[in-house]
Q: 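Take this structure first; my questions come after.
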2 protein chains.
Amino acid sequence: MLRPDQIVTGARLSARDPGYCAASLDCGVLMLPESTAEVSTICSHANAAGIGLVPHGGLTGLVEGTASHPGQVAISIERMARVLRIDPDQRIAVVEAGTVLQDVIDAAADHGLMPGLDIPSRGSARIGGLLSTNAGGIRVLRYGMARQNVLGLEAVLANGEVLDAMNCLQKNNAGFDLKHLFIGAEGTLGIITRAVIALVPRPRETRVALVAAERFEDLAKLLGAARSRFDSQLLSFEVMWPEYYRHTTAQAGFGLLPLAADHPIYAILETGHWHPEPGDCPLTEFLGGAFEEGQIIDATVAQNEAQRSAIWRAREDGDSIEGHFGACIDYDIGMELSAMPAYVARLRARIAHTAPEHPPFFYGHIGDGNLHVTFGLPPERLAARALFDDAVYGSLDGVGATTVSAEHGIGEEKRAVLPLSRDATYLSVMAQLKACLDPKGIMNPGKVFPR
Amino acid sequence: MLRPDQIVTGARLSARDPGYCAASLDCGVLMLPESTAEVSTICSHANAAGIGLVPHGGLTGLVEGTASHPGQVAISIERMARVLRIDPDQRIAVVEAGTVLQDVIDAAADHGLMPGLDIPSRGSARIGGLLSTNAGGIRVLRYGMARQNVLGLEAVLANGEVLDAMNCLQKNNAGFDLKHLFIGAEGTLGIITRAVIALVPRPRETRVALVAAERFEDLAKLLGAARSRFDSQLLSFEVMWPEYYRHTTAQAGFGLLPLAADHPIYAILETGHWHPEPGDCPLTEFLGGAFEEGQIIDATVAQNEAQRSAIWRAREDGDSIEGHFGACIDYDIGMELSAMPAYVARLRARIAHTAPEHPPFFYGHIGDGNLHVTFGLPPERLAARALFDDAVYGSLDGVGATTVSAEHGIGEEKRAVLPLSRDATYLSVMAQLKACLDPKGIMNPGKVFPR
C-alpha cells in the first residue's frame, strides 16, 4: 500500500513541473513508489483494472513520451534514486532506476571512472528514462548509445511480475538477453526499476576545440582525420550550422564569443587523454595541420574551464531556442554523413518557401549520422506543426538510409511517421511483442505504435 | 523451388563433416538455400507442415546447438556467403549470413579495417552463427561480444516473413531494436540471413606477450594495471592454467616453448598500436615494471610473426585436447574475477576426488570473467558426463554472480542447467517470446529452453 504522500493529485500535482512534455501530468494522478515491490503492486492492480500507466523519469524526453491523459496514472521513479554499489574492479555501477545521471557521474568520479553515456540534461535525466529511450548524447562516437553502456536491469512487467536481468558479468549467454527488450521500448513493455551501468576510466584531461570551416564536406574530412589520429581518444565531434551558433552564443550572459559568428559552419571536437604528457596538446597540433590543409578556417582550443564551458554551452544550450521564441519543434533524424549537406540545403530551401519566418536551426552529432533540426516559433504556431513535419520528413525522400529518430525515440510525437523508417513486417513484430508482454495494453498506452 | 543439388541426403550427406556437433546431420536432410527468398520459402513450408528446422552456420558451436534429429530438416546458409559491401567511411561491412568470418576480416583489411569480433575458429565460423550465438572470443575486452559489433540484420521468421532490420546507421531509435531478439537466440526465433557488421580501424602493429606469474591474484592485478596503462589499446588478456599450457605446447610441431612449462599460471597480453613510434615497445616497458613489482615471474614479448603465432597457438589450440584424448567436454562458465581462484581450487579438489584420471584444463578470458574448463577423455567416457556437470556447476554454488554460459550459449547441452542462471520469471518471458514468434515451435526445436 502506498502512503498518502506517495499519491499526488490536485493542487500538489499542479505545483509540479511537467518537464519537457506539457501533457505529462494531464492524467491528474501521479504515484511515487519507493521500491520495486511497490512498482509491482501498482502494475498488477493497474493491469487487473485495465488502467494505463505512464512511466516518468526525469521528464527530459523530447517526443511526448511521458504525456498522460485522463483515466491513466503516471508513475514516477524519482524516489528510487539510490546508487546501490560502485565496483571499481568490475567497473560497474548498480543503481535504482530513478538515479539522476549526474549522481552516477559523481559517484563514479570518486573511483576515477565515469559512465560512457553523457547528455546535456545530465542534471535531471534519470537512468530508467535514459535506458527506456536508449539515449544517445555527446559521446556516442566513443562509447555508444545507452544500450551499449548497460550490463543488466530489472523491470516490472505489465502483470506486476519482476524480471530480474540484473547481470553484472561482462559476458552472459545464458539464454536470451532480455534486457534488450526494455531498452529503447519507451516504457511500452515494462518499467525499468534497477540497472547495472558500465563505467569507463575517466580521462585525466579532456581537450575541447571549436573550429570553423567553409563547407560541411571539409568537416566530414576533418572527422575522418580526427578518427584516424585520435581513435578512441576522440570523445565527441559535434557540428553546428551558423544559425544555431549565432543563436546560442547571443544569449544573455554568454560572454566572449569563442569564434566569430559569421563562419559558414562549426564543429566541436573533444578528446580524452588518460596518460597526458606535460605540455603536450595533440589537439592543437592536429588542428594546426587541418588549418594548413584548408579543412578549417579558424579554430580555438579551450585553455581553461571557462573557455571549455563556453564552447560546450554554444552546443548544449538548445533550450534557449524555446526560451527565445516561446516554443520549438525538434527533430532528430539520421542519415549517412554523405547525404547530410544536400539534405540541409533542400530543407532550408523548402522552409524558405513555405515558412520563411521560421528558418531551421541545424546541429548534430555528425559522427553518428544524427542531424538535429529545431524550429523556434511562438506557441500559437505549434498548431502548424504538420507544415514542418512535411518539410523535414518529406525532404528525407530519396536520401537513402534514414531514420525518423536517431536518438529521441517515437513517443506520441512520431507515431505517425514511424512507418517511414520501418516496414509493415517490422511494425507487426513490434505489435506482436507488445501484445505478448502487455496484452491489456496498460504500459505507456499510445506511445511508439503508429495510430 | 530448390534445385536437386540444394537438397542433400543419403551418401552425399554422410560424406559431409558434421562439425563440432556429431549429431548435426542426424536428421538426414540438409537444404542449401542460396537467397533470403529461398530461406523464406523453406520456412513457410516447414511452418505449414510443422517440420522442425535446424539452422547450420559454420558448425563450430560447442553446445550441440546444431544437432538435428529424424523428422527435422537442417538448413545451411553456406551458399549465402557474399560480402555485399564494404563502406570504409561508415566503417561497415554488409554481408550475407553465410560469410565466413575470415572473409570479412580479409575484405575489411583492404581498407585498413577489421571486425572487432575475432575467435579462434575464424576460418570456418559464419556470421549468421556468430550472431545467433552472440559469440565472444579473444577481443571482447576491447570490442565487446558479437552483439556490440552489429548494426543491423535481416532474419526470416518461422512463418517465412522476412524481417528487415538492416540498419546501417550508427544510431536508430525508430521503434524497438528488433535485431537484438535474434542475436544470441541460437536460431530459436528465426534464421539470420544478412547482417551489417561494424568495422574498426586495424592497428598498424600488435604486440603480444606471454607472461608467467606465481598466483592468479597477481594476474588480476596485472590486468588492472594493463587496463589503466593501455586502456583501449589492450585487445586481449587471456589466462592459461599450467595443465592447459603444458598440453597445447606439447603438441607435435609446436616448436620451442615461449616460456618454461613449470610456472604456476600464464597470461597472454595483446596490445594494438594505431600510431606506433619506431623502436617503441610500450608492452616491454610495462612488463618490465610488472616484473620489478613482482606481479610476474617471467615474460616474453614476441619479436616476430613466428613467435607471435606460437604464443597464440598455446592459447588457441584447445582442440588438441579432444585430439589427444579422443573426446572432450567443454564448459564456459562466468563469474566475478575475484571468485575465480577459489573456484578453480574447489573444482580441482572435487575432480581429484571423483575423477582423478581426468584433471580439468582451465583457461579463459579473465578480463571478461569467463572461465573455460575442458576435460579430455576417451569417447566411451562421455556417458559419464553428469559427473563432470555436477562438479563444474555444483562448484558454482555460493560463488555469487555466475553464469552457466558466458559465451558458448545453451544449445541442447546446457538446457538442463539454464535454470541455475535464470529464474522462473525470466524463463517464462523467454518462453512467451518463443511462443509469440514461433508458435508451432519449428525453429531449432529442443535448443535453449529447459526440458
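Source: prediction; values computed, not measured.
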Q: Which atoms of A/R204 come close to chain B, meaning under 4.5 Å heavy atom to heavy atom: side chain ones, backbone ones, both, or neither?
A: neither
Q: If you count heavy-atom pairs under 4.5 Å with chain B, which of A/D164, A/L178, A/D423 comes out on top?
A: A/L178
Q: For chain A, which residues from residues 332-339 of chain B have at least one heavy atom closer than 4.5 Å to it?
A: B/G334, B/M335, B/E336
Q: Using non-hydrogen atoms only, which part of A/D231 is less than 4.5 Å away from chain B: side chain, backbone, both, or neither?
A: side chain
Q: Between A/E186, A/R422, A/Q233, A/R229, who has the most heavy-atom pairs with chain B when the cutoff is under 4.5 Å?
A: A/R422
Q: Please state whether the side chain, the backbone, both or neither of A/Q432 comes within less than 4.5 Å of a heavy atom of chain B.
A: both
Q: If you check every heavy atom in residues 166-176 of chain A against those of chain B, which residues fall under 4.5 Å?
A: A/C168, A/L169, A/Q170, A/K171, A/N172, A/N173, A/A174, A/G175, A/F176
Q: Could you have a look at A/H365, A/R227, A/H408, A/K414 and say which one has the most heavy-atom pairs with chain B under 4.5 angstrom?
A: A/R227
Q: Considering only heavy atoms, which portion of A/L427 lies under 4.5 Å from any heavy atom of chain B: side chain, backbone, both, or neither?
A: neither
Q: Give the member of A/G184, A/G369, A/C436 that has the highest number of heavy-atom pairs under 4.5 Å with chain B.
A: A/C436
Q: Kindly say whether B/S228 contributes a backbone atom to a donor-acceptor pair with the side chain of A/H275 at under 3.5 angstrom?
A: yes
Q: Checking A/A165 against chain B: side chain, backbone, both or neither under 4.5 Å from a heavy atom?
A: both
Q: Go through A/D89, A/V448, A/L223, A/V429 and name the one with the most non-hydrogen pairs under 4.5 angstrom from chain B.
A: A/V429
Q: What residue, out of B/V404, B/D87, B/I410, B/L437, has the most heavy-atom pairs lying under 4.5 Å from chain A?
A: B/I410
Q: Counting only heavy atoms closer than 4.5 Å, note whether A/N134 contacts chain B via side chain, backbone, both or neither.
A: both
Q: If you count heavy-atom pairs under 4.5 Å between each of A/V417, A/L418, A/I183 and chain B, which one has the most?
A: A/L418
Q: Under a 4.5 Å heavy-atom cut-off, does chain B meet the side chain of A/L433, its backbone, both or neither?
A: both
Q: Checking heavy atoms, do the side chain of B/D368, its backbone, both or neither come under 4.5 Å from chain A?
A: both
Q: So which bits of residues 151-162 of chain B come within less than 4.5 Å of chain A, counting non-hydrogen atoms only?
A: B/L157, B/E161, B/V162
Q: Can you list the residues of residues 139-149 of chain B that sit under 4.5 Å from chain A, counting heavy atoms only?
A: B/V140, B/R142, B/M145, B/R147
